[in-house]
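Atoms considered below: every heavy atom in the structure, side chains included; atoms not considered: hydrogens, waters and symmetry mates.
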Amino acid sequence: MRHAVHEPASIGRNIERIRRLKGIKQETLANELGISRQLLSKIEQSDTLDDERLEQVAGALGVTAEVIRKFNDEAVVIHVENMNDNSGFNFNCTFNPIEKIVELYDALLKSEKEKNELLERMLRSREDQPKKK
């Protein structure tokens, strides 16, 4: 009986998978790195990448180079399953989103009122000045 041997994925393939998981377009990542989309495409097709470039790509993706090196689809699935089984992962919102929206709206409204008052004072000031002939 033969056992399946898992070949390590290429660095480029891992970069592409992480980029896609994060919802980042190739063009966006290329711009962040200051390279062309075509060069990024070549990087994503390569098996290896020099450490300096790997660090740059990792930084742009918001992960470490080690995460890219050791990226594994199975590990991601297990991680996501563990996050969704409610065993220990508990998110409690510490504020009411509606109250935040109202607070921001009130601040915007106050700012607009102040701006209108300033414009009215400027207009009155201009009207009070003697007209040049």
Worksheet, complete the sentence: Shortest non-hydrogen pair, Ala58 vs Thr64, comes out as CB-C, 3.6 Å
Practice prompt. Carefully, step by step, assess Val63 and Lys22 under the rule side-chain contact (heavy atoms from CB on, under 4.5 Å).
Written response: CA-CA 11 Å; Val63 299; Lys22 289 182 157 266; 3.9 Å; yes
Worksheet entry | From Glu114 atom CD to Glu117 atom CD, the distance as rounded to the nearest 0.5 Å | 7.0 Å
Discussion item. When you measure from the side chain of Arg37 to the backbone of Glu27, do you find a donor-acceptor pair of N or O atoms at a distance under 3.5 Å?
Written reply: no
Discussion item. Using every non-hydrogen atom in the two residues, find where Leu40 and Ala30 come nearest and quote the distance to one decimal.
Written reply: CD2-N, 3.7 Å
Fill in: Residue pair Val102 / Asp106, side-chain heavy-atom distance below 4.5 Å
yes
Discussion item. Please determine whether a side-chain nitrogen of the Lys or Arg among Arg20 and Glu16 lies less than 4.0 Å from a carboxylate oxygen of the Asp or Glu.
Written reply: yes
Worksheet item: Are Arg121 and Asp128 ion-paired here, with the side-chain N under 4.0 Å from a carboxylate O?
Response: no
Discussion item. Within the 4.5 Å heavy-atom criterion, are Arg17 and Arg13 side-chain neighbours or not?
Written reply: yes
Worksheet entry | For Ile35 against Arg53, the heavy-atom pair lying closest together | CG2-NH1, 3.5 Å
Discussion item. I need the Ile98 CD1 to Glu103 CD distance, nearest 0.5 Å.
Written reply: 13.0 Å
Discussion item. For Glu44 versus Gln26, what's the shortest heavy-atom pair and its separation?
Written reply: OE1-NE2, 2.9 Å
Item to complete: Salt-bridge test for Glu66 and Arg69: reply yes if a basic N is under 4.0 Å from a carboxylate O, no otherwise.
Response: yes
Worksheet item: Does the side chain of Gln45 come under 3.5 Å of the side chain of Ser41 through a donor N or O and an acceptor N or O?
Response: yes
Worksheet item: Hey, are the side chains of Ile68 and Leu49 touching, using non-hydrogen atoms and a 4.5 Å cut-off?
Response: no
Discussion item. Using a 6.0 Å cut-off, check whether atom CD of Glu112 has over 12 heavy atoms from anything other than its own residue.
Written reply: yes
Discussion item. Using 0.5 Å steps for rounding, measure from the CG atom of Leu61 to the CG atom of Asn14.
Written reply: 11.0 Å
